[in-house]
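Read the structure below first, then the notes.
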2 protein chains.
Amino acid sequence: MLSFSEENYLKTIYHIEQFQPDGVSTNAIAKKIQTKASSVTDMLKKLAAKQLIIYEKYQGVQLTKEGKKIALKVIRRHRLWEYFLVKKLNYRWDEVHEIAEQLEHIKSKTLIDNLEEFLRFPKFDPHGDPIPDKNGKMILTKTISLLELKVGQKGVLDSLKDSSDAFLKYLNKKNLALRDRIKVIDIEPYDNSVHIETKTHQLLISKKVAENLNIKV
Amino acid sequence: MLSFSEENYLKTIYHIEQFQPDGVSTNAIAKKIQTKASSVTDMLKKLAAKQLIIYEKYQGVQLTKEGKKIALKVIRRHRLWEYFLVKKLNYRWDEVHEIAEQLEHIKSKTLIDNLEEFLRFPKFDPHGDPIPDKNGKMILTKTISLLELKVGQKGVLDSLKDSSDAFLKYLNKKNLALRDRIKVIDIEPYDNSVHIETKTHQLLISKKVAENLNIKV
DNA sequence: ATATATTTTTAGATAAGACTAAAAAAATAT
DNA sequence: ATATTTTTTTAGTCTTATCTAAAAATATAT
Ligand SMILES: [Mn+2]
Ligand SMILES: [Mn+2]
Ligand SMILES: [Mn+2]
Ligand SMILES: [Mn+2]
């Protein structure tokens with residue numbers, strides 16, 4: 001049985017691996033998990049001893065098949081609980097992450113499958129991220145960043161690159177939600193800001209924000 | 001913020017205090033929490049330093065007002081989660097305790113009140129135990145053990161003195177459930193076993209079992 | 001009242017997971 | 001090619017929650 005901490009490391013390595021497929025660095029993990037590099041090194045040794053990652057000094061790490069399986073289990077639990085909190089307990093999407101961070105570590109052979117059934121097998125969490133099924137399979141949607149759209153092009157807001165509460169609150173304020181249809185009205189070449197239009201309103205968006213919006217075209 | 005372990009100690013002390021109002025012994029705690037007496041002593045010092053218990057060497061402990069408040073919070077969380085597991089995820093009453101032992105430690109200002117509302121403010125958990133409200137208030141039902149009933153007397157199975165999974169499974173097997181109307185047919189003076197009748201069947205019950213059935217007359 | 005048994009506490013050790021400071025390795029810049 | 005900077009690891013410390021073994025206090029029995 002893995003500890004909370006071990007599960008968090010595996011999950012974090014999985015997330016970073018999506019962008020850094022050939023070797024996740026100690027520092028990258030430390031930054032995401034909000035700890036010191038030396039603490040990360042200690043844990044990497046432990047996970048390597050358990051054959052959950054491949055670790056060679058100074059070389060960065062990769063999840064083994066078993067490590068990836070556990071990471072996906074934790075992510076599955078996290079996203080199903082987030083869905084529960086939003087759909088059943090009426091939380092907003094910017095309120096659930098921290099609670100799910102705790103709930104994702106509850107240990108039970110049956111709990112998460114029963115929860116999934118109760119929720120009627122949702123395929124996406126409140127932030128548009130796919131929920132892995134019992135076997136770790138999930139729906140991967142092809143998206144591009146809003147920054148890559150040309151003037152006049154349309155698309156649908158599918159998910160987010162940054163799901164921090166701060167960014168979610170920003171989107172609340174600007175009245176932007178998942179599945180909103182977005183059209184690019186204009187792009188300012190000086191600072192790459194984007195002028196967009198939704199069904200209900202027009203909006204000016206900075207490069208930084210545009211970068212974090214995943215669009216299905 | 002208290003640790004899992006501290007919360008468990010407070011909850012356990014509260015439970016024992018119901019039967020031992022003037023001082024809970026180190027050994028009693030150790031037995032319930034499945035740990036060594038020396039470990040208990042260490043924790044008692046810590047809880048006393050935090051003013052959650054009154055502790056004097058060799059004298060046993062009592063919860064302070066604040067300690068009791070926290071204990072009731074943990075019990076509230078435990079019982080609401082148990083209710084959720086049975087009513088929403090279709091668990092049996094003998095399957096939920098261990099999962100609730102984990103869920104009861106999830107920290108959030110709002111979670112448990114939202115869960116309570118979602119469940120429509122249940123007043124009793126699946127084992128007949130009262131669920132404390134936001135302020136720690138709960139419905140206390142006057143019951144006596146089945147052992148105290150006379151031949152011919154009737155009553156309703158209200159709750160259990162022992163809610164271990166083993167005992168719950170025994171009751172499943174014998175087709176005895178909460179709120180069953182029970183009549184005492186005969187009492188065997190030799191071993192204090194009790195012959196009872198419910199709406200559907202008759203049953204012979206040992207002294208030990210009878211002792212653990214709380215009856216509302 | 002005294003011996004014996006039981007309970008509780010103390011002392012010292014261990015494991016997990018974090019930290020700081022310093023050393024070693026790797027990456028980058030001149 | 002060498003110096004400098006950055007990254008990573010090591011060594012040693014700390015905290016929390018355990019444990020065992022031994023000492024001290026209390027309870028029980030004769
Ligand atoms: Mn999240
Ligand atoms: Mn999410
Ligand atoms: Mn329980
Ligand atoms: Mn219960």
Side-chain angles (χ1 to χ4, degrees), chain A residues 1-13 16-17 19-63 67 70-71 74 101-102 104-107, chain B residues 1-13 16-17 19-63 67 70-71 74 101-102 104-107:
Chain A
M1 190 120 306
L2 297 185
S3 69
F4 280 31
S5 204
E6 291 169 316
E7 287 190 341
N8 279 335
Y9 273 90
L10 292 175
K11 184 184 64 164
T12 301
I13 294 168
I16 302 172
E17 227 172 36
F19 301 91
Q20 239 79 50
D22 33 53
V24 174
S25 76
T26 302
N27 260 357
I29 298 168
K31 198 173 169 184
K32 248 217 168 159
I33 244 168
Q34 306 242 64
T35 185
K36 301 292 166 179
S38 54
S39 306
V40 174
T41 302
D42 284 349
M43 183 57 91
L44 294 183
K45 286 177 184 168
K46 217 167 83 173
L47 294 174
K50 293 190 179 186
Q51 316 242 51
L52 300 173
I53 60 172
I54 293 158
Y55 168 63
E56 274 202 90
K57 268 192 194 179
Y58 297 102
Q59 296 316 122
V61 296
Q62 284 178 298
L63 292 173
I70 294 170
V74 178
E101 280 295 310
Q102 300 176 61
E104 74 187 8
H105 301 294
I106 302 291
K107 263 83 173 180
Chain B
M1 190 120 307
L2 297 184
S3 69
F4 280 32
S5 203
E6 291 168 319
E7 288 190 341
N8 279 335
Y9 273 91
L10 291 175
K11 185 184 62 165
T12 301
I13 293 168
I16 301 172
E17 226 172 39
F19 302 91
Q20 239 78 51
D22 33 52
V24 175
S25 76
T26 302
N27 261 358
I29 298 168
K31 198 173 171 186
K32 250 220 167 155
I33 243 167
Q34 306 241 63
T35 187
K36 302 290 165 178
S38 55
S39 306
V40 174
T41 302
D42 284 348
M43 183 58 90
L44 294 183
K45 285 176 184 168
K46 217 167 83 175
L47 293 174
K50 293 189 178 186
Q51 317 241 50
L52 301 173
I53 60 171
I54 293 158
Y55 168 63
E56 275 204 89
K57 269 191 195 183
Y58 297 101
Q59 297 315 121
V61 296
Q62 284 179 298
L63 292 173
I70 294 171
V74 178
E101 280 295 309
Q102 300 176 61
E104 74 188 9
H105 301 295
I106 302 290
K107 263 83 173 178

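In what follows, chains are A, B, ... by sequence order, proteins preceding strands, each numbered from 1. Computed from heavy atoms alone, side chains included, the values below leave out hydrogens, waters and symmetry copies.
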When the distance from CD of A/Gln34 to P of C/dA18 is rounded to whole Å, what number comes out?
-> 12 Å
How close or far is atom P of C/dT8 from atom CD of B/Glu56, stated in whole angstroms?
-> 15 Å
B/Thr26 side-chain N/O to C/dT9 phosphate OP1/OP2 under 4.0 Å = yes
So, is A/Lys36 close to the C/dA21 phosphate, meaning a side-chain N or O under 4.0 Å from OP1 or OP2?
-> no
Between D/dT9 atom C1' and A/Gln59 atom CD, what is the distance in whole Å?
-> 13 Å
Identify, between A/Glu6 and B/Gly60, the residue whose nearest nucleotide on DNA chain C lies closer to the 5' end.
-> B/Gly60
B/Lys36 atom NZ: more than 12 heavy-atom contacts under 6.0 Å = no
Does A/Ser38 have a side-chain nitrogen or oxygen under 4.0 Å from the phosphate oxygens OP1 or OP2 of D/dT8?
-> no
Can you check the B/Lys45 NZ to C/dT9 C1' distance for me, whole Å?
-> 7 Å
Whole-Å distance, B/Tyr55 OH to C/dT7 P, equals 16 Å
For D/dT6, does either OP1 or OP2 sit under 4.0 Å from a side-chain N or O belonging to A/Asn27?
-> no
Interatomic distance where NZ belongs to A/Lys57 and C1' belongs to C/dA23 [whole Å] | 12 Å
Whole angstrom is fine here: how far is it from CE in B/Met1 over to P in D/dT15?
-> 21 Å
Specify the separation, in whole Å, of atom CG of B/Leu44 and atom P of C/dT10.
-> 11 Å
Do any side-chain nitrogens or oxygens of B/Ser39 fall under 4.0 Å of OP1 or OP2 in D/dT18?
-> no
